[in-house]
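Scroll down for the structure; my scribbles are underneath it.
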Amino acid sequence: MPELAEVEFYRKQWSPGLGQTIEKVLLHPKARIFREADSTAIGKALKGSRLVDSLAHGKQMCFRFSNDSWLGIHLGMSGRLQTAHPEIVPSRHEHLVLVTDKLALVFTDPRMFGKVLHDRSASPPVWWAGLPPQPQESAFDRKRFREILSRHPRQPLKALLLDQESFPGVGNWMADEILWRARIHPASRPLELSAYKRGQLFGKVKEVCADALRVIGTDWGNPPDSWLFNHRWKRGGTCPVSGQPLEFITVGGRTTCYSPAIQKA
DNA sequence: CCCCATGTTCGACA
DNA sequence: GTGTCGAACATGGG
């Protein structure tokens with residue numbers, strides 16, 4: 001599930017734990033989500049510390065603890081965060097559980113494409129400090145956008161939008177939504193774009209990020225039918241702009257939904 | 001049984 | 001270096 005807005009939604013699911021002390025850490029030490037971290041060290045470091053802050057950047061989250069501990073979480077394809085009763089007995093897919101006296105903070109991930117990072121340091125670790133500007137920020141301006149396009153002149157736009165160094169947080173449905181609103185064919189390349197289409201694309205990147213954060217990122221609301229979103233999930237869907245059938249192709253190795261009637265090039 | 005999945009990474013190749 | 005492609009990861013759902 002998790003793209004920009006879903007990640008923001010899940011980040012907030014742990015907010016009830018802010019300010020609380022972690023009394024117990026339950027984890028499956030050999031789970032694949034710990035492949036880039038030392039799960040034993042995480043257990044030791046977090047126990048007795050207080051959760052003081054949480055942040056999201058693209059698809060990456062960062063939870064800061066009182067003893068200079070930084071916990072990074074990436075949700076991968078099937079990860080999610082939630083709270084539970086402090087007496088929780090973790091099930092098979094609940095790989096990391098932080099227990100306070102009031103509640104439990106739970107990271108669940110059946111497919112385990114997600115991952116956990118951890119560092120102890122006074123300043124933010126490199127995996128957090130080194131992230132590129134997010135498309136919804138003002139630092140992501142037309143200059144940055146132009147640079148991205150000129151650096152990848154022949155990348156199909158669908159593939160480029162999925163590049164996390166370029167558009168951190170954009171995932172499969174957002175990329176399709178952006179191209180559909182900009183009326184650009186997903187396989188078009190930056191080289192082929194008119195100045196007008198480039199301007200459209202920049203605007204729709206901003207618009208879809210803002211819309212997604214507002215509608216899904218706050219309370220996982222259901223987007224209106226005027227978005228591509230509600231029409232793309234099953235075959236046989238119809239483009240809400242043209243009334244023509246939606247089609248599915250593979251671009252950049254990913255299933256891509258688009259409306260041939262309005263996304264010609 | 002088959003195919004598909006809102007993600008990332010790696011290796012082979014042109 | 002650029003870009004493409006397929007496979008891999010592990011599990012569940014239709």
Side-chain angles (χ1 to χ4, degrees), chain A residues 1-11 13 28 30-37 56-61 72-81 90-96 107-117 127 130-132 134-136 147-180 186-192 205 208-209 211-213 215-217 220-223 227-237 246-258:
Chain A
M1 307 213 153
E3 300 179 27
L4 185 67
E6 292 90 348
V7 169
E8 173 61 11
F9 173 83
Y10 282 126
R11 177 190 69 82
Q13 297 310 107
H28 302 315
K30 309 271 283 188
R32 193 182 137 78
I33 60 155
F34 294 114
R35 62 195 175 279
E36 291 179 30
H57 185 115
K59 298 176 187 171
Q60 181 69 48
M61 287 177 287
I73 294 184
H74 192 294
L75 296 170
M77 194 81 105
S78 59
R80 61 178 193 272
L81 301 186
S91 66
R92 183 158 83 106
H93 299 310
E94 294 170 335
H95 306 294
L96 176 63
F107 174 23
T108 310
D109 186 5
R111 289 173 73 180
M112 291 188 287
F113 292 170
K115 67 179 174 188
V116 171
L117 302 169
W127 51 259
L131 297 169
Q134 304 181 94
Q136 73 272 29
E147 285 165 359
I148 290 169
L149 293 194
S150 54
R151 206 173 304 139
H152 305 277
R154 298 172 196 283
Q155 270 266 327
L157 284 166
K158 172 62 183 282
L160 184 51
L161 285 166
L162 292 176
D163 172 18
Q164 298 301 294
E165 281 298 311
S166 301
F167 300 94
V170 173
N172 207 33
W173 80 253
M174 288 180 75
D176 287 353
E177 185 81 31
I178 289 164
L179 291 165
W180 174 76
S188 306
R189 300 154 199 277
L191 214 51
E192 307 158 357
V205 166
V208 169
C209 288
D211 283 355
L213 285 167
V215 174
I216 296 167
W220 206 294
N222 193 25
W227 296 20
L228 177 63
F229 187 92
N230 282 341
H231 307 269
R232 60 160 297 145
W233 301 111
K234 54 187 185 307
R235 308 287 145 144
L246 295 169
E247 283 190 17
F248 294 85
I249 54 176
T250 298
V251 185
R254 304 294 301 280
T255 296
T256 298
C257 174
Y258 79 114

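In what follows, chains carry the letters A, B, and so on, assigned in the order in which the sequence lines appear, proteins first and then strands, with residues in each chain numbered from 1. Here the structure is a predicted model, which is why all the values come from computation and not from measurement.
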Trp180(A) ring center near Phe229(A) ring center (under 6.0 Å): no

Whole angstrom value for the distance that separates P of dT11(C) from CE of Met112(A): 4 Å

Under 3.5 Å: donor-acceptor pair, side chain of Ser166(A), backbone of Ile148(A): no

For DNA chain C, stems built from three or more consecutive Watson-Crick or G-U wobble pairs below 3.5 Å: B:2-5 with C:11-14, B:7-14 with C:2-9

Contact under 4.0 Å: Lys115(A) side-chain N or O vs dT8(B) OP1/OP2: no

Side-chain heavy-atom pair Val251(A), Leu157(A) within 4.5 angstrom cut-off: no

Whole-Å distance separating the CD atom of Gln164(A) from the P atom of dG7(B): 8 Å

Separation of atom CH2 in Trp127(A) from atom P in dT8(B), rounded to whole Å: 16 Å

Other residues, nucleotides, ligands: >12 heavy atoms within 6.0 Å of Arg154(A) CZ: no

Sugar-phosphate only, base, or nothing, as touched by Arg35(A) at under 4.0 Å among non-hydrogen atoms: nothing

Separation of dT9(B) C1' from Arg254(A) CZ (nearest whole Å): 13 Å

Euclidean distance, atom CG of residue Leu75(A) to atom C1' of dA10(C) [Å, nearest integer]: 16 Å

Residues which pass ring pair (Phe, Tyr, Trp, His ring centres under 6.0 Å) with His57(A), listed by chain and number, not counting sequence neighbours: none

Phosphate-side-chain proximity, His93(A) and dG12(C), N/O vs OP1/OP2 below 4.0 Å: yes

For Gln60(A), side chain to side chain donor-acceptor pair (under 3.5 Å) partners two or more places apart: none

Annotated protein contacts, base or backbone, on nucleotides 1-9 of chain C with a non-hydrogen cut-off under 4.0 Å, one of B, S, - each: --SS----B

Rounded distance (Å) that lies between atom C1' of dT11(C) and atom NE2 of His28(A): 14 Å

Met174(A) side chain near Cys209(A) side chain, heavy-atom distance below 4.5 Å: yes

Nearest-Å distance for atom pair CG/P, residues Asp176(A) and dG7(B): 10 Å

Partner residues of Ser150(A) under the side chain to side chain donor-acceptor pair (under 3.5 Å) criterion, sequence neighbours left out: none

Of all pairs that satisfy salt bridge (charged side-chain N to carboxylate O under 4.0 Å, His left out), the ones with a partner from residues 166-176 of chain A, not counting sequence neighbours: Lys158(A)-Asp176(A), Asp176(A)-Arg232(A)

dC4(B) and dG6(C), which share atom name P, separated by this distance in whole Å: 13 Å

Distance, P atom - from dC2(B) to dA7(C), rounded to whole angstrom: 15 Å

Rounded distance (Å) that lies between atom P of dG7(B) and atom CD1 of Ile73(A): 18 Å

Distance below 4.0 Å between Thr255(A) side-chain N/O and dA5(B) OP1 or OP2: yes

